[in-house]
Structures are given as structure tokens and as C-alpha cells.
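Read through the structure below, which is laid out as C-alpha cells, and then see the notes.
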Number of protein chains: 2
Amino acid sequence: MNTILSNLKIQVNEKIYVKDPETSALGKKIIEQSILLIDEIGFDNFTFKKLGEKIGSNESSIYRYFENKHKLLVYLSSWYWSWMEYKLVFATTNITDPKEKLRNAITIVTEKVIDDSSTEHINEAILNKIIIAEFTKTLHTKEVDQENKEGFFLIYKRVINRIVNIVTEVNPSYLYAKSLVSTIVEGSLHQHFLTEHFTNITDCNTSKSTTQFYLHLIENVLH
Amino acid sequence: MNTILSNLKIQVNEKIYVKDPETSALGKKIIEQSILLIDEIGFDNFTFKKLGEKIGSNESSIYRYFENKHKLLVYLSSWYWSWMEYKLVFATTNITDPKEKLRNAITIVTEKVIDDSSTEHINEAILNKIIIAEFTKTLHTKEVDQENKEGFFLIYKRVINRIVNIVTEVNPSYLYAKSLVSTIVEGSLHQHFLTEHFTNITDCNTSKSTTQFYLHLIENVLH
DNA sequence: TCATAATCGATAGTATTACTATTATATTTG
DNA sequence: CAAATATAATAGTAATACTATCGATTATGA
């Protein structure tokens with residue numbers, strides 16, 4: 001997996017950035033260090049000025065790559081879901097049994113990311129932590145409809161609909177395939193969050209357990 | 001229900017506010033109009049200055065009630081979940097059949113709020129819209145553990161655990177009662193959000209349908 | 001009823017944020 | 001080597017998120 005992914009460039013909608021960060025050393029540094037800084041101080045406290053200080057560069061230089069910090073978070077999220085899509089495709093191709101395919105898909109998407117060295121400048125485990133903590137903020141804005149129209153969330157929606165197709169294979173008569181999958185994808189992030197901060201309202205205490213919960217759930221819902 | 005609720009004061013943790021907004025006309029105006037303004041322009045664009053202008057009062061006066069806009073949102077959320085708890089208790093007391101009790105509980109908590117005139121200065125339908133759009137922001141901060149310790153989210157957790165108890169009544173051997181309920185409560189807000197902005201990844205198109213999805217889900221998960 | 005406490009509105013001020021614009025320098029590329 | 005491009009540094013603006021002070025009004029209770 002690693003070797004294959006290292007040859008693949010994760011595709012992100014061009015409208016999200018001003019200049020593609022993958023095309024320069026500074027751009028990659030922005031991505032690499034923004035992930036670390038957002039994890040460290042949280043997205044709300046994160047500013048381009050602080051990031052500039054961290055990477056020994058200037059605030060204004062970062063603005064040449066991203067309009068604002070919201071767009072940077074959208075970029076990181078897109079990258080994450082694009083990466084997730086690759087993992088999903090790998091885990092499900094050439095598997096004939098729909099049930100096994102679905103189990104693999106659910107596992108990929110609900111598991112906590114431990115580590116992955118597929119990309120030089122991106123720490124996927126920490127990016128996963130950011131997605132757990134901050135992803136909803138990319139959606140919950142007043143501009144969501146406009147940004148959705150511009151395709152900012154295309155990959156996220158594609159990931160969900162890929163799994164929806166597998167659900168439909170397993171049980172074509174099930175009426176709520178989309179809601180089920182969107183609930184699982186979003187819900188598993190939430191369960192990871194609860195495991196970290198609200199242990200009193202979750203049964204999941206390791207990453208495996210979140211996956212087990214959803215595997216058990218989907219098994220029962222689809223018979 | 002209305003008549004009974006109008007005599008009950010919704011209890012909110014004292015640490016959330018500087019001065020209890022229920023104790024003065026200005027305080028109630030702050031609550032009433034902040035709900036309308038947050039719905040109108042979104043929480044991110046909401047400021048105390050704008051609220052002051054809207055209610056013909058001064059920024060500094062609002063700071064005498066709430067330390068900052070985050071605390072105000074936590075207050076509105078607490079109020080919402082407290083109100084939800086009352087509705088929950090009403091819908092489940094004196095019902096002997098655990099399954100029926102559970103169906104009622106799930107319905108209460110997943111239904112879109114149409115309208116409720118139980119409180120003079122709070123429009124519950126609009127507050128429900130705010131919860132759908134902004135509630136996750138109260139949790140996803142760097143201060144969440146501290147605020148959780150101080151009891152800011154107690155009512156929310158209590159609502160979930162009330163439903164957990166009913167789930168356990170229905171099926172004592174089910175291993176993931178807490179995760180199931182927290183997934184449903186959080187997930188139904190998310191489904192309402194998707195219904196509004198991402199119709200492509202949800203099957204729910206009316207409030208009733210979100211409830212039906214979860215009623216169907218819980219039926220199957222618990223046998 | 002008078003004193004005093006609490007409340008509120010108005011004003012001013014500070015630090016930070018979220019940018020934009022300009023320019024000089026360094027680097028790349030053709 | 002020239003031209004284009006990228007970057008760093010600096011300056012500046014408007015808005016945000018507050019804090020502090022002060023006088024005017026209103027409420028309370030002795």
C-alpha cells in the first residue's frame with residue numbers, strides 16, 4: 001500500500017487553494033507544520049501568524065497558498081478523505097462477497113489511524129486526530145452551500161456513496177443506505193472524540209472497539 | 001405540556017454565566033435576540049457588538065451576563081438539552097412497555113422541533129436550528145475537558161444516559177448501549193443538517209423520516 | 001423616604017486577528 | 001544572462017474580543 005500511494009498524488013479541488021502547496025518546498029512545509037500546530041493548539045487558536053513563526057516564514061507568504069485558515073482546513077480535510085478513498089478502494093477491490101467487502105469498508109473508515117508513512121510531509125495519524133476534532137467545522141459555516149456547489153466536499157461525499165453502493169449490494173431493499181453510511185462515517189469520528197473526552201457516554205475505549213460497535217450495528221441493521 | 005413547562009424554570013449550570021439572564025428583562029432579551037441573530041448570521045459571524053445593536057443595548061452590558069460568545073452558546077445548548085430532558089421525561093413516564101418507552105424517547109430526541117410556545121422569550125424551533133448547526137462547536141474546543149469537569153455538559157450527558165437506561169431495559173445484553181444512543185442523538189442532528197445542505201448523502205427529507213430511520217435502526221439493532 | 005446598591009449605557013482604550021499592499025531580495029527557468 | 005517567479009519583511013487597516021471607567025437611572029431595604 002505504502003509504495004503505491006507514494007507514487008500517487010492525492011487530488012484536491014483547485015478552488016480550495018490559491019497556489020497548490022504540493023508544488024513547492026514552502027507549500028509542503030505549510031501543510032506539514034499546520035497539521036502539527038492545529039493539533040497542538042486547536043483550530044480556533046490557530047493563526048497564519050503563528051504558523052509563519054513555527055516554520056520560520058512570513059504570514060504573507062502563507063496567504064499566497066491559502067486565502068484563510070478555513071480554506072486550509074478544507075484542504076487538509078479533502079486530502080484526508082481522498083487518502084481514505086484510496087484505502088477504501090484497496091480494501092474492497094477484488095472481493096466478491098459483498099458482506100466481506102462491507103466489513104472491510106466499515107473497518108477502514110471507522111478505525112483510528114495509528115500511523116502511515118505513505119507521504120513524506122503528512123503525518124496521517126495526527127491528521128486523523130485533527131479530522132476527529134475539527135472536521136465538522138468545515139461544514140458548519142454560513143457559506144456551506146456555496147462551497148458545496150464549488151465542489152469542496154466532493155471527495156467526502158464520494159467516500160460515503162462508495163460505501164452506500166456496497167450496502168445496497170448487501171441488502172438492496174434497505175431504505176436508508178445513505179443515512180446509515182453518513183451516520184456511521186460521522187458517528188465514528190464522534191465516538192473517537194467521546195472516547196477521548198466523554199467516556200461516560202460511549203462504550204468504545206480503543207479504536208478497535210469503535211469499529212466493532214459499527215460492524216455489529218451494520219450486521220444487525222442489514223440482517 | 002406547555003402549561004406545566006411554563007411553570008418550570010429550566011436549570012442551567014451557574015458557572016456558564018456571569019449573571020443569570022433569567023433574572024432581568026435585559027437578560028431575557030439577550031437570550032431571545034441572540035437566538036434570532038445566531039440563526040440569521042451564523043455563530044462564527046455573531047458578535048456581542050452586533051447583538052448589542054440589535055437589542056438597542058451596549059456591548060459592555062452583554063459582557064455582564066456572559067464572559068464571551070462561546071459561553072453564551074453553551075448556555076443556549078444547556079437550556080436546549082434541559083428542555084429536551086423535560087420532554088423526554090414526559091414522553092416516557094408511566095409507560096410500562098420498555099419498547100414503547102424507547103420508541104417515544106427516540107422520537108422526542110430525533111424529531112425536528114416545529115414549534116413550542118412554552119417559554120415567552122425562547123423560540124424553540126429556531127433554537128433547534130441553532131443546535132443542529134452549531135452544537136458541535138460547544139464541544140470541539142481545546143477547553144472541553146476543563147469545561148466538562150466544571151459541569152457544562154452535564155444535562156446533555158444526562159439526556160443520553162436516560163435513554164441508555166431504556167435501551168438496557170429493552171435489551172440488557174446489548175453491549176453498546178451508550179455508543180448507540182450517543183450516535184443517535186448526535187447523528188440525528190447531523191441528518192437534519194444533511195437534509196438541509198447535503199441531500200445527496202442522506203435519505204431523510206422530512207423530520208419524520210429522520211425519526212423513522214432511527215426507529216427502524218434501533219428496532220433491528222436490539223432485535 | 002432616604003441612602004445605597006445594583007444596573008445599564010456610553011465612551012475609551014488595548015491586544016490580537018485577519019487580512020492587503022508594497023518593495024526588496026533571492027531563486028528558478030528558459 | 002535576463003526575465004520571471006517566489007519569498008521575506010515591513011507597514012498598514014478594519015474588525016474582533018475584550019477591559020476599565022464613569023455617570024445616570026432604577027431598585028431595594030432600613
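Naming convention: chains lettered A, B, ... in sequence-line order (proteins, then strands); numbering from 1 in each chain.
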*Using a cut-off of 4.0 Å on non-hydrogen atoms, how would the nucleic acid contact of B/Thr47 be classed: base, sugar-phosphate, or nothing?*
sugar-phosphate
*Assess whether side-chain contact (heavy atoms from CB on, under 4.5 Å) is satisfied between B/Val181 and B/Val185, documenting all intermediate values.*
CA-CA 6 Å; B/Val181 176; B/Val185 170; 4.2 Å; yes
*Can a side chain N or O of B/Lys49 be found less than 4.0 Å away from OP1 or OP2 on C/dG9?*
no
*Between atom CG in B/Asn45 and atom P in D/dA14, what is the gap in whole Å?*
20 Å
*To the nearest angstrom, how far is B/Ile62 atom CD1 from C/dA10 atom C1'?*
14 Å
_Side chain of A/Lys69 only, heavy atoms from C-beta on: which candidate in C/dA18, D/dC18, D/dA8 is closest?_
C/dA18
*Can you find a side chain N or O atom of A/Lys29 that sits less than 4.0 Å from OP1 or OP2 on D/dT7?*
no
*Nearest of C/dG9, D/dA8, C/dC19 to any side-chain atom of B/Ser61?*
C/dG9
*Check every strand shown and say whether B/Glu59 touches a base, only sugar-phosphate, or nothing at a heavy-atom separation below 4.0 Å.*
base
*What is the distance from NZ of B/Lys19 to C1' of C/dC8, rounded to the nearest Å?*
9 Å
*asked:* I need the CG-P distance between B/Asp20 and C/dA6, as an integer number of Å.
replied: 17 Å
*side-chain hydrogen bond (donor to acceptor under 3.5 Å, both in side chains) partners of A/Tyr75, counting only residues at least two apart*: none
*asked:* I'd like to know if the side chain of A/Thr211 pairs up with that of A/Thr110 as donor and acceptor (distance under 3.5 Å, no hydrogens or angles considered).
replied: yes
*Kindly confirm or rule out a cation-pi arrangement of B/Lys157 over A/Phe198, judged by NZ or CZ under 6.0 Å from the six-membered ring centre and within 45° of its axis?*
no
*Starting at the 5' end of DNA chain C, which residue's closest nucleotide do you reach first, A/Asn58 or A/Asp44?*
A/Asp44
*Under 4.0 angstrom between A/Lys50 side-chain N/O and C/dT17 OP1 or OP2*: yes
*Starting at CG of B/Asn68 and ending at P of C/dT16, how long is that distance when rounded to a whole Å?*
17 Å
*Quick one: is B/Thr23 getting a side-chain N or O under 4.0 Å of the C/dT7 phosphate, OP1 or OP2?*
no
*asked:* Mind checking if B/Tyr63 touches a base, just sugar-phosphate, or nothing, with heavy atoms under 4.0 Å?
replied: base
*Between B/Ile55 (CD1) and C/dT7 (C1'), how many Å, whole number?*
14 Å
*No-hydrogen, no-angle side-chain donor-acceptor test under 3.5 Å, B/Ser182 and A/Gln191*: yes
*Please state whether the base of C/dA10 and the side chain of B/Ser60 form at least one donor-acceptor pair under 3.5 Å?*
yes
*Send over the distance from B/Phe46 CZ to D/dA17 P, rounded to a whole Å.*
10 Å
_For atom CZ of B/Arg64 and atom P of C/dG9, their distance in whole Å_ = 8 Å
*Determine: side-chain N/O of B/Tyr65 to OP1/OP2 of C/dT7, distance under 4.0 Å, yes or no.*
no
